[in-house]
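Notes follow the structure.
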Amino acid sequence: MKNILLTGCGGQIGSELTLELRRRYGNDHVVGSDKRVITTGPLAETGPMVSLDVTDAAALAEVVKKYKIDAIYHLAALLSAVAETKPQLAWNIGVNGLYNVLEVARENNCAVFFPSSIGAFGPSTPHNNTPQDTIQRPTSMYGVTKVTGELLCDYYFRRFGVDARGVRFPGLISNDTLPGGGTTDYAVEIYYAAIKTKKFTCPLPAGTFLDMMYMPDALNAAISVMEADPTKLIHRNSFNVTAMSFDPEIIYREIKKSIPDFVMTYDPDPVKVGIANSWPDKMDDSCARAEWGWNPKYDLASMTADMLKVIGEKHAKGLI
Ligand code: AKB
């Protein structure tokens, strides 16, 4: 990869992945793009940054040609809970946006990274040790767009040779940019609440197990699958990747080890509960491990220690 474009780079993954890719490939070779105009902060100050709506195919093609792009990390999408409130918009960004990316990749010989999700599974999927290849009948619009995206990526590789690769991300936990509108967002918000007010109201009930991952491992997954030796890839696209699985009680107890007077109560959000109950409790990611060496570094204890340290420092400086 010589010149990389990220779409949706102002979001939870993109804000950190853009900077990591710039560290690895050189600032000038990594172009950030977002629908919002971003003119200040690290994204705008460390490398090229453009305003781009992925549903505008002509504008996307212009950026790809101008910067001689040969790899696209396509991150623009609505998250699961917000997608349920705006299903038409979720389809337009999630599917038509990806179609535009794959078409421009076909015409300009670009590789494509597509982040699928645990949301690509549904109630009829086996929930424990969810296999790589299994039933995918999601009941959320987010899930429908993710399954469609997985199939489109497979099609563009088979039919046109577009090097489209990707992973199925679990809930991602980070201490930089907050996620917005996801079902797993509680697992980020709980750390901020523990530091700021020592009180948290959880939108998912006890016993709701979901796969999760700390952001440094997620960045590594996205980059490693794109750098993987293609001759070793049997699946290429939509790899299950996970680092841990927990329910709200388990993360609460882990945080309480450091903040004993932290208190969590429950007020389940019906939309999030419905989505979470349709997702796996724990995926089997052995194909990613075997085909390209996936091996996450953080577990719940090490992630919690780092989250509380970083968010605690930001709070002490009055930044949050
Ligand atoms: C969401 O909750 O929507 C995302 C996801 C698991 O894809 N974090």
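Because the structure is a prediction, the values reported are computed rather than measured. We count ligands from 1, going down the list as the structure has it; atoms in each ligand are counted the same way.
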Problem - Electrostatic pair Lys198:Asp261 at N-O distance under 4.0 angstrom - result: yes
Exercise for the section: Validate the cation-pi geometry between Arg165 and Phe113: distance from NZ or CZ to the six-membered ring centre under 6.0 Å, angle to the ring axis within 45°. Expected result: no
Practice task
Could you tell me whether the side chain of Val241 reaches within less than 4.5 Å of the side chain of Met213, counting heavy atoms only?
Solution key: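 They are in side-chain contact.
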Practice task
Kindly compute the distance separating CG (Asp133) from NE2 (His235), expressed to the nearest 0.5 Å.
Solution key: 3.5 Å
Problem - Pair listing, side-chain hydrogen bond (donor to acceptor under 3.5 Å, both in side chains) test, anchored in residues 114-125, at least two apart - result: Ser116-Glu150
Practice task
State whether the side chain of Lys314 and the backbone N or O of Asn175 hold a donor-acceptor pair below 3.5 Å, judged by distance alone.
Solution key: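 Yes, the answer is positive, given that a donor and an acceptor are paired below the 3.5 Å cut-off.
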Completion exercise
Expected contact list for ligand 1 at under 4.0 angstrom, heavy-atom basis, is Leu79, Ser80, Ser117, Ile118, Tyr142, Pro170, Gly171, Gly182, Thr183, Thr184, Trp279
